[in-house]
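Okay, so here's the structure we're looking at.
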Protein chains: 2
Amino acid sequence: MEEKFKLENQLCFRLYTASRLITQAYHPLLGEHGLTYPQYLVLLVLWEKDAQPVNDIAKRLVLETNTVTPLLKRMEAEGIVTRSKGKEDARQMIVRLTKKGHDLQKKLTDVPETVGNAVICKSVTPETVPGLFGMLDDIIKQLKQ
Amino acid sequence: MEEKFKLENQLCFRLYTASRLITQAYHPLLGEHGLTYPQYLVLLVLWEKDAQPVNDIAKRLVLETNTVTPLLKRMEAEGIVTRSKGKEDARQMIVRLTKKGHDLQKKLTDVPETVGNAVICKSVTPETVPGLFGMLDDIIKQLKQ
DNA sequence: TATATTTGCATCGTGAACGATATAAATAAC
DNA sequence: GTTATTTATATCGTTCACGATGCAAATATA
């Protein structure tokens with residue numbers, strides 16, 4: 001009755017805490033450029049492939065449109081992206097990088113390495129990261145069913 | 001310039017997604033009893049040791065009091081906990097389980113195993129979980145500096 | 001013992017997450 | 001070709017997270 005309820009035995013609590021703490025590590029680096037972490041994720045998606053509908057971005061980030069839409073509106077207000085109705089399908093909103101959004105990639109060039117270095121520790125090294133990635137990917141795949 | 005910005009190379013995105021998806025797995029089980037996942041975490045802390053000040057709960061969950069206070073107030077409104085000024089230190093708010101809060105433990109007895117089973121997959125098994133825990137604990141310890 | 005500092009908690013504002021619901025456009029069924 | 005259904009996105013309400021700030025009690029310092 002006791003052991004299973006111990007915080008120390010909870011996978012979710014560890015993921016939740018680790019996720020929040022890494023996001024906090026991003027905060028000063030991104031905040032300098034007026035970005036939040038979820039907004040940075042949107043940029044990662046658009047830097048890989050510009051001009052995507054809301055749904056493709058949401059799917060990629062494993063989020064719902066009711067989370068992504070307000071986020072994109074804030075980014076539009078900041079002049080980082082534009083949102084415009086799709087030509088062939090008028091239901092779609094196509095999201096495109098502005099010059100400002102595109103140029104942010106150069107300004108944020110050091111972010112991945114900086115955060116990566118902050119996370120390096122005893123059991124998390126370039127050698128062990130692939131194993132960790134594999135387990136997390138399995139969990140994600142499993143829960144997306 | 002490209003590779004480091006790929007979503008597939010981001011540890012944080014994996015943690016963020018895995019965390020959200022497991023929390024979603026808890027949702028129907030906890031929602032049945034009017035609980036959210038962070039509220040469940042508070043219960044885990046109080047079931048281990050009742051009558052703790054806000055600060056101890058917050059520290060245990062690696063959260064700030066400005067997150068925990070409103071959360072506890074909602075739990076108080078639900079009749080799950082009580083909050084009362086500390087006797088020896090009047091600044092402290094001591095949080096105690098009500099009978100309802102205490103009894104929830106029995107009602108939620110199947111939750112850990114149900115969620116645990118939902119997460120079991122190829123690379124995440126009772127054998128590999130300790131290794132995963134170790135890496136996450138290291139990351140958390142590292143980032144808490 | 002006054003004053004300064006620290007500590008514990010709360011308030012406020014903003015930005016996610018997300019379930020539930022709504023709306024319009026596209027597609028399927030009849 | 002209507003009607004029904006699905007699809008893409010948006011709106012709404014609630015609950016976190018969290019930085020910034022405020023306040024009162026406790027402690028340290030002068």
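We name chains A, B, ... by the order of the sequence lines, and we start the count at 1 in each one.
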* Can you tell me how far P of dT11(C) sits from CG of Leu72(B), to the nearest Å? -> 12 Å

* Counting only side-chain N and O atoms of Arg74(A), is one of them less than 4.0 Å from OP1 or OP2 of dA16(C)? -> yes

* Taking only the side-chain nitrogens and oxygens of Thr69(A), find out if one of them lies under 4.0 Å from OP1 or OP2 of dA10(D). => yes

* **DNA chain D-proximal residues of residues 16-27 of chain A, any heavy atom under 4.0 Å** => Tyr16(A), Arg20(A), Gln24(A), His27(A)

Side-chain polar contacts of residues 122-136 of chain B - donor-acceptor pairs under 3.5 angstrom, sequence neighbours left out - could you list them?
| residue | atom | partner | partner atom | Å |
| --- | --- | --- | --- | --- |
| Ser123(B) | OG | Asp138(A) | OD2 | 2.6 |
| Thr125(B) | OG1 | Glu127(B) | N | 3.3 |
| Thr125(B) | OG1 | Glu127(B) | OE1 | 3.1 |
| Thr125(B) | OG1 | Thr128(B) | N | 3.4 |
| Thr128(B) | OG1 | Ser123(B) | O | 2.8 |
| Thr128(B) | OG1 | Thr125(B) | N | 2.8 |
| Thr128(B) | OG1 | Thr125(B) | O | 3.3 |

* Reckon Gln92(B) touches a base, only the sugar-phosphate, or nothing at all at heavy-atom distances under 4.0 Å? -> sugar-phosphate

* Only counting residues at least two apart or in another chain, list the ones meeting side chain to side chain donor-acceptor pair (under 3.5 Å) with Asp56(B). => none

* To do: Please tell me which of the listed nucleotides, dA25(D), dA10(C), dC16(D), lies nearest to the side chain of Asp89(B)?
  => dA25(D)

* Find which nucleotide of DNA chain C each of Pro38(A) and Glu88(A) is nearest to by heavy atoms, and output the residue with the more 5' nucleotide. => Pro38(A)

* Base, sugar-phosphate alone, or nothing: which one does Lys73(A) contact when heavy atoms must sit under 4.0 Å apart? -> sugar-phosphate

* To do: Whole angstrom is fine here: how far is it from CD1 in Ile94(A) over to C1' in dT9(D)?
  => 12 Å

* Spacing of Met75(A) atom CE relative to dG15(C) atom P, expressed in whole Å -> 13 Å

* Asked: Who passes side chain to side chain donor-acceptor pair (under 3.5 Å) against Tyr40(B), sequence neighbours left out?
  -> none

* Asked: So which nucleotide from dG15(C), dC16(D), dA8(D) ends up closest to the side chain of Thr36(A)?
  -> dG15(C)

* Taking for each residue the nucleotide of DNA chain D bearing the nearest heavy atom, is the 5' side occupied by Glu78(B) or by Met93(A)? -> Met93(A)

* To do: Report the distance from atom NZ of Lys85(A) to atom P of dT7(D), rounded to the nearest whole Å.
  => 20 Å

* Structure fact -> Among dA17(C), dC9(C), dA10(C), the one nearest any side-chain atom of Leu63(A) is dA17(C)

* **Nearest-Å distance for atom pair CG/C1', residues Leu30(A) and dT14(C)** => 16 Å

* Do Val111(A) and Lys4(B) have side chains that get closer than 4.5 Å, going by heavy atoms? -> no

* To do: To the nearest Å, give me how far apart NZ (Lys144(B)) and P (dC18(D)) are.
  => 13 Å

* Structure fact -> So OG1 of Thr98(B) and CG of Asp50(B): to nearest 0.5 Å the spacing works out to 9.5 Å

* Of all residues at least two apart in sequence or in a different chain, which pass the salt bridge (charged side-chain N to carboxylate O under 4.0 Å, His left out) check with Lys99(B)? -> Asp103(B)

* Excluding sequence neighbours, so at least two apart, what forms side chain to side chain contact (heavy atoms under 4.5 Å, CB included) with His33(A)? -> Leu104(A), Lys107(A), Leu108(A)

* Taking only residues two or more places apart in sequence, or in another chain, which ones meet Lys144(A) in a side chain to side chain contact (heavy atoms under 4.5 Å, CB included)? -> Val62(A), Ile140(A), Leu21(B)

Going by atom type alone, with no hydrogens or angles, which donor-acceptor pairs under 3.5 Å involve a side-chain atom of residues 64-83 of chain B and a protein atom two or more places apart or on another chain?
| residue | atom | partner | partner atom | Å |
| --- | --- | --- | --- | --- |
| Thr69(B) | OG1 | Thr65(B) | O | 3.0 |
| Glu76(B) | OE1 | Arg83(B) | NE | 3.1 |

* Taking for each residue the nucleotide of DNA chain D with the nearest heavy atom, is it Lys87(B) or Thr65(A) whose nucleotide lies nearer the 5' end? -> Thr65(A)

Polar atom pairs between nucleotides 20-24 of chain C and protein, under 3.5 Å, N or O only, would you list them?
| residue | atom | partner | partner atom | Å |
| --- | --- | --- | --- | --- |
| dA20(C) | N6 | Asn66(A) | ND2 | 3.0 |

* To do: Would you jot down, in residue-number order, the residues of residues 47-60 of chain B having a non-hydrogen atom under 4.0 Å from DNA chain C?
  => Pro53(B), Val54(B), Asn55(B)

* Structure fact -> Taken in chain and number order and not counting sequence neighbours, the residues that satisfy side chain to side chain donor-acceptor pair (under 3.5 Å) with Gln10(B) are Tyr26(A)

* Structure fact -> From CD of Glu64(B) across to C1' of dT11(C) the rounded distance in Å is 15 Å

* Flag side-chain contact, heavy atom, 4.5 Å: Asn55(B) against Gln92(B) -> no

* Structure fact -> Glu48(A) meets the side chain to side chain donor-acceptor pair (under 3.5 Å) criterion, sequence neighbours left out, with Arg60(A)

* Whole angstrom is fine here: how far is it from CG in Leu29(A) over to P in dG19(D)? => 14 Å

* Cluster question for you: counting only ILVMFWY and a side-chain heavy-atom cut-off of under 4.5 Å, with indirect links fine, are Val42(B) and Ile94(B) together? -> no

